[in-house]
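Remarks on the structure that follows.
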Amino acid sequence: MSSMEERMELGVAAAPGSSSSGLGVGPVGGALDAGPGSAGLAGIQEESGVRRDGSGSEADPDAPPKKRVRQQEGEAGKLEERLYSVLCCTVCLDLPKASVYQCTNGHLMCAGCFIHLLADARLKEEQATCPNCRCEISKSLCCRNLAVEKAVSELPSECSYCLKQFPRSSLDRHQTEECQDRVTQCKYKRIGCPWQGPFHELSAHEAECSHPSKTGMELMGILDEMDQSHRRELQLYNSIFSLLCFEKIGFTEVQFRPYRTDDFITRLYYETPRFTVLNQTWVLKARINDSERNPNLSCKRTLSFQLILKSKVNSALECSFLLLKGPYDDVKIKPVIQHHVFSNDTNETEYALLPINDSVECNKLLAAKNINLRLFIFQIQK
């Protein structure tokens with residue numbers, strides 16, 4: 001082979017831009033460096049079935065890619081369900097609907113359970129404790145957790161009518177105004193129509209309701225029954241207005257304080273300090289469930305009270321009186337007028353039920369340190 005042919009063969013073997021040694025290191029090094037050549041090398045490696053991980057070692061070609069895969073809802077559970085277990089009340093294990101209280105260690109209690117724990121402790125003459133960590137709880141030791149209240153209000157909750165999910169902050173408005181499946185009454189209920197049904201069926205029912213076509217005699221009987229309840233309310237308010245016209249009227253703020261009887265099994269009762277109204281000295285007493293032996297075991301709780309005249313009188317003193325809630329309490333009390341003729345022999349009234357709505361209101365009173373009410377006494381002149 002001639003020297004010219006040998007030089008031509010060497011020129012083909014050596015790539016352009018190679019080093020003067022003619023060994024072809026430049027093209028190979030360029031393929032290993034970052035650049036267009038690296039893609040070609042990666043393609044060759046992939047075609048050959050060889051993959052490399054970040055450490056440089058060969059990876060299994062059948063292995064899934066090392067990418068964070070989102071867990072399925074069935075495995076991890078929905079976020080809302082996990083938050084329910086975190087934000088729920090430690091007593092009833094349900095999400096709070098109103099205020100949220102926490103003990104000194106941060107355990108959460110809804111307002112209803114918190115008040116119930118304090119009321120039970122008052123009845124048992126014990127110190128109320130957190131059911132989770134057993135630390136002492138009271139209205140002064142516990143505080144509201146506003147962050148949890150706001151978080152709970154944004155969590156979705158199921159509508160009790162259409163079973164759709166809505167934020168708790170807007171659920172009440174949806175159930176009372178917007179839901180097409182909410183329970184409604186016929187507009188002719190004032191003339192005795194008893195129909196109740198979903199809102200989307202209301203128009204069809206009212207178009208076919210038979211009550212507008214009833215005779216006058218039938219409607220009069222229905223309206224008479226409805227008027228009886230209105231007459232009782234009107235009579236009560238007329239009686240109150242009449243009492244306000246009396247010459248001698250007195251009122252005062254009374255504070256019921258808890259005490260214990262001297263029996264072997266002590267019972268809780270309440271009594272006020274002596275106070276003066278209408279130039280007479282009085283005392284109020286109250287008891288729970290008519291001095292039931294274990295009122296803490298009963299779900300239904302009531303408070304009854306009696307008014308006692310401590311002064312000596314020369315003649316009978318006829319009075320009407322009623323108890324109302326104090327100026328800073330949120331307990332709901334219906335006005336009921338009591339009547340009694342006081343004398344030296346009959347200086348105590350019979351126990352009368354405090355007209356509160358239900359046991360929840362009673363627990364609010366029992367959970368408080370003291371019960372603050374307002375007493376009105378009207379002296380009847382003969």
Side-chain angles (χ1 to χ4, degrees), residues 119 228-259 268-291 295 300-313 315-382:
Q228 289 180 3
S229 61
H230 295 296
R231 290 194 192 100
R232 288 192 292 268
E233 293 181 2
L234 184 61
Q235 183 179 3
L236 171 63
Y237 291 114
N238 286 337
S239 301
I240 294 176
F241 292 143
S242 299
L243 292 173
L244 292 175
C245 298
F246 283 10
E247 179 182 358
K248 294 185 177 182
I249 302 174
F251 74 93
T252 185
E253 313 297 332
V254 293
Q255 186 179 78
F256 289 86
R257 298 175 182 175
Y259 296 95
L268 174 68
Y269 72 96
Y270 287 84
E271 187 173 331
T272 65
R274 295 192 178 194
F275 56 90
T276 301
V277 176
L278 298 178
N279 298 323
Q280 305 293 337
T281 304
W282 311 82
V283 167
L284 276 167
K285 288 185 177 182
R287 62 189 186 187
I288 298 93
N289 288 9
D290 289 330
S291 296
K300 184 178 180 180
R301 291 173 182 173
T302 60
L303 269 173
S304 52
F305 70 97
Q306 72 169 168
L307 179 62
I308 304 172
L309 175 64
K310 290 296 186 179
S311 302
K312 297 296 182 180
V313 292
S315 60
L317 183 64
E318 186 176 359
C319 294
S320 295
F321 61 95
L322 73 156
L323 277 174
L324 299 176
K325 73 180 188 70
Y328 304 109
D329 288 340
D330 59 349
V331 64
K332 299 175 182 177
I333 298 180
K334 299 177 181 178
V336 174
I337 300 173
Q338 309 291 338
H339 186 80
H340 188 76
V341 179
F342 293 92
S343 65
N344 294 329
D345 297 329
T346 58
N347 64 332
E348 297 181 356
T349 66
E350 296 291 334
Y351 274 92
L353 285 177
L354 187 66
I356 52 181
N357 289 347
D358 49 28
S359 298
V360 176
E361 299 296 324
C362 185
N363 282 332
K364 288 182 181 180
L365 294 175
L366 295 176
K369 185 177 181 180
N370 298 301
I371 300 176
N372 299 294
L373 300 176
R374 177 171 287 177
L375 172 69
F376 287 84
I377 300 179
F378 308 91
Q379 183 176 348
I380 300 175
Q381 301 289 335
K382 294 184 179 180

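The analysis underlying the following values was restricted to heavy atoms, covering all of them including side chains, and did not include hydrogens, waters or symmetry mates.
Across all their heavy atoms, F246 and Q379 have their closest contact at CD2-O, 3.5 Å. L365 approaches L354 most closely through the heavy-atom pair CD1-CD2, 3.9 Å. The shortest heavy-atom contact between P355 and V336 is CB-CG2, 3.7 Å. Between T281 and L309, the shortest heavy-atom contact is O-CD1, 3.5 Å.
Side chain of S359 to backbone of R301: a donor-acceptor contact under 3.5 angstrom is found. Using modelled atom types, no side-chain atom of N372 and backbone atom of E253 make a donor-acceptor pair closer than 3.5 Å. With hydrogens and angles disregarded, a donor-acceptor distance shorter than 3.5 Å links the side chain of T349 to the backbone of L307.
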Worked verdict on H340 versus E348 for side-chain hydrogen bond (donor to acceptor under 3.5 Å, both in side chains): CA-CA 9 Å; H340 188 76; E348 297 181 356; over 6 Å; no

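Side-chain contact between Q338 and L323 is absent, with no heavy atoms from C-beta onward closer than 4.5 Å. Counting heavy atoms from C-beta on, the side chains of I288 and L303 come closer than 4.5 Å. The closest side-chain heavy-atom distance from N370 to Y270 is not below 4.5 Å. The closest side-chain heavy-atom distance from L375 to F275 is below 4.5 Å. You'll find the side chain of I371 stays beyond 4.5 Å of the side chain of V331, heavy atoms only. At least one side-chain heavy atom of K285 sits less than 4.5 Å from a side-chain heavy atom of Y351. Taking 4.5 Å as the limit, some side-chain heavy atom of I337 sits within range of a side-chain heavy atom of I240.
With no hydrogens or angles considered, a side-chain donor-acceptor pair links T346 and S343 at under 3.5 Å.
Under the 6.0 Å cut-off for aromatic ring centres, W282 and F342 qualify, their centroids lying closer than that.
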